[in-house]
Amino acid sequence: MRRVHVIAAAIRDAQNRILIAKRPDHAHQGGLWEFPGGKVEEGETRRDGLGRELLEELGIAVTEARPLLDIRHDYPDKSVRLDVWLVTGFDGEAHGAEGQPVRWVAAAELDGYAFPAANAPIVRAAQLPEQYLITPDVADEAELFSGLERARDAGIKMVQLRQTGLDDAAYRALAQRVLEKFGGDFQWMLKGDTSPVWPGAGWHLTSRQLRTMWTRQTQGQPTATIGSIQNEVVAGSPEGAAPSPRSPLQGSSKPDSLSPRALLAASCHNAEELKMAADLGVDFVTLSPINSTASHPDAQPLGWERARELIDSVNIPVYLLGGLSADELPDAFEAGAQGIAGIRQLWG
């Protein structure tokens with residue numbers, strides 16, 4: 001089978017805007033927006049291919065970039081690797097050097113543009129942060145609030161409120177108080193047996209919930225709770241465009257940092273669960289454990305090599321979890337991960 005290696009870039013400026021370009025009307029999927037890039041030439045490194053394509057298309061010289069996401073699609077006649085990099089430094093003024101319209105767009109506003117369907121995970125990856133904080137179990141609410149203040153000051157953008165010692169009613173009451181105080185400071189991911197009711201708050205499924213929902217979907221049973229926060233196709237979208245979100249859970253995250261729509265995530269530990277998450281169309285997953293942890297001493301760690309293999313098997317942003325620190329972010333990026341998730345290491 002013929003293999004095609006395509007390099008693409010999510011180019012981010014100091015205002016957290018992302019550069020997108022419009023495909024010519026006469027081209028395949030013409031009129032849709034895309035992330036700039038093109039084919040890697042034979043004998044060319046990924047980094048060199050990225051630099052050449054952006055110089056040719058946008059007139060900029062890349063000075064700082066890292067891998068962001070690898071998307072693989074197999075067609076009857078060819079296999080395509082869409083190798084996406086995050087570019088955060090460049091010289092020159094970006095413009096449509098080949099006559100194509102280009103536009104700087106706030107990351108949160110990318111959902112309002114029509115992209116080819118294969119670009120949907122790139123949109124999400126461009127909006128998500130590098131670190132995902134999971135709160136530890138704390139008995140003292142003041143301690144929880146103090147830790148969240150430290151996280152905010154440290155630049156954490158996304159938080160999962162995880163308090164395993166509370167029953168559902170107590171957890172929801174706590175979540176209400178937390179979001180009243182910190183709702184606009186983070187992209188929130190909540191737990192529970194049903195989707196959150198707070199505007200903008202996403203839902204992080206346990207692996208058990210993931211399996212249950214996947215089973216219901218494959219059996220044709222209704223999964224209405226997922227539908228409240230998943231992407232829906234908006235009537236009138238161009239053919240072949242990525243679905244646009246239409247969710248009743250809108251608006252608590254900062255418009256210049258993260259998508260304001262509610263997200264759906266899942267905890268995964270193996271290839272089977274990753275496939276289930278992909279089938280359900282989640283926005284991102286956590287994959288664990290990478291290393292041995294004190295909280296789960298009996299769990300067999302995946303290690304970096306296996307984590308890389310698992311990440312390559314799905315077209316979803318993946319946060320690596322389990323015994324990792326912020327110092328290991330470069331290793332996570334090289335493995336193809338969105339970043340790292342953590343409790344103790346990110347709590348401070």
Side-chain angles (χ1 to χ4, degrees), residues 1-12 18-62 65-87 90 94 96-102 110 113-126 128 237-243 271 274-275 277-279 281 284-285 305 307-318 333-338:
M1 180 182 293
R2 185 164 62 97
R3 300 184 183 278
V4 180
H5 187 178
V6 177
I7 202 90
I11 306 169
R12 179 181 294 161
I18 304 294
L19 186 72
I20 56 176
K22 197 170 189 180
R23 297 180 62 82
D25 290 338
H26 64 272
H28 175 61
Q29 298 194 17
L32 300 182
W33 294 87
E34 66 180 356
F35 296 88
K39 293 180 182 179
V40 177
E41 297 179 351
E42 186 175 353
E44 194 173 39
T45 67
R46 299 164 67 198
R47 180 63 172 76
D48 287 347
L50 175 74
R52 176 186 53 76
E53 283 290 341
L54 296 191
L55 184 62
E56 292 174 358
E57 290 193 19
L58 302 174
I60 61 174
V62 176
R66 65 162 177 83
L68 179 64
L69 185 70
D70 250 346
I71 299 175
R72 301 169 194 269
H73 287 285
D74 289 330
Y75 298 97
D77 61 332
K78 62 183 177 181
S79 175
V80 177
R81 176 187 180 186
L82 186 53
D83 186 359
V84 187
W85 286 57
L86 176 66
V87 175
F90 58 89
E98 298 176 341
Q100 75 277 30
V102 298
L110 287 172
Y113 290 79
F115 291 87
N119 281 208
I122 309 176
V123 171
R124 195 60 57 231
L128 289 169
S237 295
E239 183 178 355
L274 283 172
K275 183 181 183 304
D279 290 346
F284 69 89
V285 301
E305 183 176 349
R308 182 190 297 272
E309 293 173 354
L310 291 171
I311 292 171
D312 284 346
S313 71
V314 291
N315 298 332
I316 309 171
V318 177
F333 297 148
E334 285 301 318
Q338 177 75 26

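Bear in mind the structure is a predicted one, so any value in this text is a computation, not a measurement. FYI, side chains are in, hydrogens and waters are out, and symmetry mates aren't considered; it's all heavy atoms of this structure.
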Interatomic distance, CG@Leu32 vs CD1@Ile20, rounded to 0.5 Å, equals 11.0 Å
The ring-ring contact (aromatic ring centres under 6.0 Å, His included) partners of Phe35 (sequence neighbours excluded) come to Phe115
Value for CD1 (Ile60) from CG (Leu54), rounded to nearest 0.5 Å, stands at 5.0 Å
Glu334 meets the salt bridge (charged side-chain N to carboxylate O under 4.0 Å, His left out) criterion, sequence neighbours left out, with none
Minimal heavy-atom distance between Val62 and Gly51, with the atoms involved, is CG2-CA, 4.3 Å
Is a side-chain N or O of Gln338 found less than 3.5 angstrom from the main chain of Ala125, in a donor-acceptor match?
yes
List the steps and the verdict of side chain to side chain contact (heavy atoms under 4.5 Å, CB included) for Gln100 and Leu58. CA-CA 9 Å; Gln100 75 277 30; Leu58 302 174; 4.2 Å; yes
* Are Asp312 and Arg308 within salt-bridge range, i.e. N to O under 4.0 Å? -> no
Arg66 meets the salt bridge (charged side-chain N to carboxylate O under 4.0 Å, His left out) criterion, sequence neighbours left out, with Glu130
When every non-hydrogen atom of Leu68 is compared with those of Ala126, the smallest separation belongs to CD2-N, 4.4 Å
Residues 1-11 vs salt bridge (charged side-chain N to carboxylate O under 4.0 Å, His left out), sequence neighbours excluded, gives none
Just do the side chain to side chain contact (heavy atoms under 4.5 Å, CB included) check on Ile122 and Leu82 with the steps written out, would you?
CA-CA 10 Å; Ile122 309 176; Leu82 186 53; 3.6 Å; yes
Evaluate Arg12 against Ile18 for side chain to side chain contact (heavy atoms under 4.5 Å, CB included), listing each step before the verdict. CA-CA 5 Å; Arg12 179 181 294 161; Ile18 304 294; 3.8 Å; yes
Tightest non-hydrogen contact, residues Trp33 and Pro116, listed as O-CD, 3.0 Å
Value for CD (Glu41) from CG (Asp48), rounded to nearest 0.5 Å, stands at 10.5 Å
Output for pair (Asn119 CG, Leu69 CG), nearest 0.5 Å, gives 10.0 Å
With Ile7 as partner, the option from Arg52, Arg47, Arg46 fulfilling side chain to side chain contact (heavy atoms under 4.5 Å, CB included) is Arg46
On a heavy-atom basis, the closest approach of Ile316 and Val285 is CG2-N, 4.3 Å
Correct closest heavy-atom pair for Ala118 and Pro121 would be O-CD, 3.5 Å
Closest non-hydrogen contact found for Pro317 with Leu128 is CB-CD1, 3.9 Å
Output for pair (Leu50 CG, Glu44 CD), nearest 0.5 Å, gives 9.5 Å
By salt bridge (charged side-chain N to carboxylate O under 4.0 Å, His left out), Asp70 pairs with (sequence neighbours left out) Arg72, Arg81
With sequence neighbours left out, the residues meeting salt bridge (charged side-chain N to carboxylate O under 4.0 Å, His left out) with Glu57 are none
